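Presented below is the structure to which this report refers.
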There are 2 protein chains.
Amino acid sequence: MGCKIEEFQQEQRKRMRAVQDAMDALNGKWKIPIISSICCYGKRRFSDILNDVDGISNRMLSKELKELEINELVKRTILNTQPISVQYELTEHGNTLQTIIGNLTDWGVEHRKKIVGK
Amino acid sequence: MGCKIEEFQQEQRKRMRAVQDAMDALNGKWKIPIISSICCYGKRRFSDILNDVDGISNRMLSKELKELEINELVKRTILNTQPISVQYELTEHGNTLQTIIGNLTDWGVEHRKKIVGK
DNA sequence: CTGAATCCAGATGGATACTG
DNA sequence: CAGTATCCATCTGGATTCAG
């Protein structure tokens, strides 16, 4: 390649940082399943997501949703119901994850065929 | 959509499991940077990766490489050098991650613009 | 219903030293 | 050079309870 080594390495650092930023926003066991749940139904209440995502505790769901909100991936709306309920939906920025989630799904299917389901 | 609810939910479960399988294979702070390092150079020795990936300890690198090897994402080759050195490269299956890593990189760049670099 | 607070066991991961 | 072993602080996350 014609690139100077230093420039090349600096570019590589940038790429690694970007991927890492993405992974940070999606890290842990629950974020993607939560996003899938919300995305799949458009709008979803706390207790619904709690049911959708197998095995998650309310403590975790609460924490993860807060992180997703900070990263502006989901939008939180308090509904005037009695008792109170809270609705979550993906933001525009959250919706841009759909390609990635699609890719990960496809890759995960192949990976399971090849490795997980040995 | 015309899907019956149960079928729809079962499909959704499958998709969530697949994404989770993918995330499991890539989890933690280090796997993607390690893969990036190897991928970027084609072949890479243990000590090179140790230098490429900022902040990783040899203990972690060793552990992560072992997991990547178990998932058949990297191939390990012992070289007949003195002292011994070990070379890692992506497998064919590991190479199928390039699309995902590319997508994650692009998304990460946008995400940093929007959120991280506030 | 939606969460926050507390408790606590087990996992994670850095630092360091050691081996072939 | 490429790991392995040990120690140990910190983090994670489930269970449970409490509050608005």
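Every chain is numbered from 1 and lettered A, B, ... according to where its sequence line falls, protein lines coming before strand lines. Note that the coordinates shown come from a computational prediction; the quantities given were computed from them, not determined experimentally.
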Considering only side-chain heavy atoms of [X], which listed nucleotide, [options], is closest?
X	options	answer
B:Met60	C:dT2, D:dC1, C:dG13	C:dG13
A:Phe46	C:dT2, D:dC1, C:dG14	C:dT2
B:Ser62	C:dC1, D:dT4, C:dG14	D:dT4
A:Ile84	D:dG20, D:dT17, D:dG14	D:dG20

### Query
Are B:Ile38 and B:Leu104 connected, step by step, through hydrophobic side chains (Ile, Leu, Val, Met, Phe, Trp, Tyr) whose heavy atoms are closer than 4.5 Å?
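Yes, because B:Ile38 and B:Leu104 connect within a single hydrophobic cluster, where side-chain heavy atoms sit under 4.5 Å apart.
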
Is the phosphate of [N] approached by [X] (side-chain N or O, under 4.0 Å from OP1 or OP2)?
X	N	value
B:Thr81	D:dC1	no
B:Ser57	C:dG14	yes
A:Tyr88	C:dG3	yes
A:Lys63	C:dG3	no
A:Arg45	C:dG3	no
A:Arg76	C:dG3	yes

How many whole angstroms separate atom [atom1] of [X] from atom [atom2] of [N]?
X	N	atom1	atom2	answer
A:Leu50	D:dA15	CG	P	12 Å
A:Glu67	D:dC11	CD	C1'	13 Å
A:Arg59	C:dT6	CZ	P	12 Å
A:Asn58	C:dC1	CG	C1'	11 Å
B:Glu64	D:dA2	CD	P	17 Å
A:Leu65	C:dG3	CG	C1'	11 Å
B:Ile34	D:dA2	CD1	P	14 Å
A:Leu61	C:dA4	CG	C1'	14 Å

### Query
Using 30° and 60° as the class limits, which term best fits the ring planes of B:Phe46 and B:Tyr88: parallel, tilted or perpendicular?
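Ring orientation of B:Phe46 relative to B:Tyr88: tilted.
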
### Query
Between A:Glu69 and A:Lys66, is there a salt bridge with N-O shorter than 4.0 Å?
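Salt bridge: no.
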
### Message
Regarding B:Glu67 and B:Lys31, does a basic nitrogen lie under 4.0 Å from an acidic carboxylate oxygen?
### Response
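Yes, B:Glu67 and B:Lys31 are salt-bridged.
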
### Query
Which heavy-atom pair separates B:Arg13 from A:Asp54 by the least distance, and what is that distance?
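Distance-wise, the nearest heavy atoms are NH1-OD1, 3.8 Å.
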
